[in-house]
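Right, one structure below, let's go through it.
For the numbers below, each heavy atom of this structure counts, side chains included, while hydrogens, waters and symmetry mates do not.
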Protein chains: 2
Amino acid sequence: MTVKEDYEKAMLESGLKMTIRRELVYHILYHAEFPIDVESIYKKLIHEKINLSTVYRTLESFVAKGIVKKGNLGNTSVATYELNRKEHKHHIVCVKCHQVVTLSGCPLEQYVKHLKETSGFEILEHKLEIQGMCPSCKNKDC
Amino acid sequence: MTVKEDYEKAMLESGLKMTIRRELVYHILYHAEFPIDVESIYKKLIHEKINLSTVYRTLESFVAKGIVKKGNLGNTSVATYELNRKEHKHHIVCVKCHQVVTLSGCPLEQYVKHLKETSGFEILEHKLEIQGMCPSCKNKDC
DNA sequence: ATTCATGCAAATGCTTTGCATCATT
DNA sequence: AATGATGCAAAGCATTTGCATGAAT
């Protein structure tokens with residue numbers, strides 16, 4: 001399935017109208033290797049006619065429909081967004097330079113299953129982020 | 001060790017001066033069962049003479065010294081703070097009412113050990129938050 | 001005495017919103 | 001035609017900062 005087909009499927013299933021701006025944002029999320037913030041998305045759209053508030057609104061409607069997951073960049077208050085794929089990934093973030101490395105696999109599958117059976121909650125998502133210092137920053141004393 | 005002794009130890013070790021405001025904030029964090037936001041802290045200090053920006057500055061200097069860990073409330077951009085205890089805890093947060101339940105134990109100890117050996121990063125903290133719907137919200141259709 | 005902490009007010013930066021216009025259904 | 005999407009400008013809100021004063025070392 002192509003990105004475009006993927007996008008169209010998401011719009012149809014969610015009931016959101018198909019527009020150029022939404023497709024642009026969807027494409028960026030689709031090709032992102034890790035959660036990205038609004039500024040990064042907007043910068044990638046510098047040559048397109050799209051307003052910053054449209055980017056925000058697009059992302060929020062995607063989140064409301066479950067198409068996209070919202071998170072935060074490290075411990076900052078900057079929101080990040082990523083496509084809500086079946087195969088989710090977790091990341092290590094460098095506390096200094098914010099470099100992000102994607103980890104393979106999810107170490108929590110068993111644990112989440114356990115919680116579903118014992119917690120009384122309806123378990124939905126989980127957020128896991130490992131913080132550390134990347135090899136490069138580790139060697140700089142700043 | 002009492003809260004006060006704990007606080008004094010933290011200030012001595014970090015080099016931060018001991019002040020009434022810092023002690024007040026430290027006490028609140030000490031007795032909090034889960035990460036709390038600045039507004040909640042400030043409300044608990046309503047009868048004390050303390051400025052909101054002092055609360056922010058106090059928390060940020062605690063974070064800088066590793067006394068406190070900073071996070072986020074659910075997927076919002078509101079910062080939360082908790083004491084950086086040896087025995088860290090994780091939580092389930094209700095996506096509707098923001099009720100927080102503390103989980104026992106950390107399911108990631110083995111995994112983090114593994115990452116320390118293989119990732120090339122100096123692994124520091126990790127953030128894990130489970131999102132779900134609490135028993136009460138689960139039964140309300142809103 | 002020096003260094004750091006605090007209050008206050010103003011500024012910052014990310015995000016949201018009201019409203020008129022435009023595009024998709 | 002009706003409903004929803006977008007641009008633009010203004011507002012909102014959490015957080016930060018400059019500066020003068022006050023307190024801890």
Nucleotides 16-21 of chain D: which of its N/O atoms have a protein N/O under 3.5 Å away?
residue, atom, partner, partner atom, Å
D:dG18, O6, B:Arg57, NH1, 3.3
D:dG18, O6, B:Arg57, NH2, 3.3

- Task: Identify whether the distance between the nearest side-chain nitrogen and carboxylate oxygen of B:Arg21 and B:Glu48 falls below 4.0 Å.
- Result: no
- Query: In Å and rounded to the nearest 0.5 Å, what is the OH to CD distance from B:Tyr30 to B:Glu82?
  - Reply: 14.5 Å
- Item | Rounded interatomic separation in angstrom, taking CD from A:Glu39 and C1' from C:dT15 | 13 Å
- Task: With A:Tyr56 as reference, evaluate A:Leu59, A:Thr54, A:Leu52, A:Thr58 under the side-chain contact (heavy atoms from CB on, under 4.5 Å) test and give the passing residue.
- Result: A:Leu52
- Message: On a heavy-atom basis, which atom in B:Ala32 and which in B:Arg85 lie closest, and how many Å separate them?
- Response: O-NH2, 3.9 Å
- Take the angle between the ring planes of A:His126 and A:His90 and call it parallel below 30°, perpendicular above 60°, tilted in between. tilted
- Item | A:Lys49 NZ to C:dT21 P, straight-line distance once rounded to whole Å | 15 Å
- Task: Go through the steps for B:Ile67 and B:Asn84 under the test side-chain contact (heavy atoms from CB on, under 4.5 Å), then give the verdict.
- Result: CA-CA 5 Å; B:Ile67 298 165; B:Asn84 191 4; 6.0 Å; no
- Task: Could you check how far CD1 of B:Ile41 sits from P of D:dT15, rounded to whole Å?
- Result: 10 Å
- Would you give the length of the straight line joining atom OH of B:Tyr111 to atom CG of A:Leu103, rounded to the nearest 0.5 angstrom? 4.0 Å
- Begin with the C-alpha distance, continue with both residues' side-chain angles, and end with the deciding distance and a verdict on salt bridge (charged side-chain N to carboxylate O under 4.0 Å, His left out) for A:Glu117 and A:Lys113. CA-CA 7 Å; A:Glu117 290 160 1; A:Lys113 197 176 156 203; 5.1 Å; no
- Query: Between B:Ser77 and D:dA14, is there a side-chain N or O to OP1/OP2 distance below 4.0 Å?
  - Reply: no
- Where along residues 17-25 of chain B does a heavy atom fall under 4.0 Å from DNA chain C? B:Lys17, B:Thr19, B:Arg21, B:Arg22
- Note on the structure: When B:Leu16 and A:Ile50 are each assigned the nearest nucleotide of DNA chain D, the 5'-most assignment goes to A:Ile50
- Query: What's the CG-P distance between B:Leu59 and C:dT6, to the nearest Å?
  - Reply: 11 Å
- Query: Within less than 4.0 Å of OP1 or OP2 of C:dT6, is there a side-chain N or O belonging to B:Asn51?
  - Reply: no
- Message: Tell me the closest heavy-atom pair linking B:Phe121 and A:Gly132, and the distance in Å.
- Response: CD2-C, 4.1 Å
- Query: Expressed in angstrom and rounded to an integer, what is the separation of B:Glu8 atom CD from D:dA24 atom C1'?
  - Reply: 13 Å
- Message: How many whole angstroms separate atom CZ of B:Phe62 from atom P of D:dT15?
- Response: 17 Å
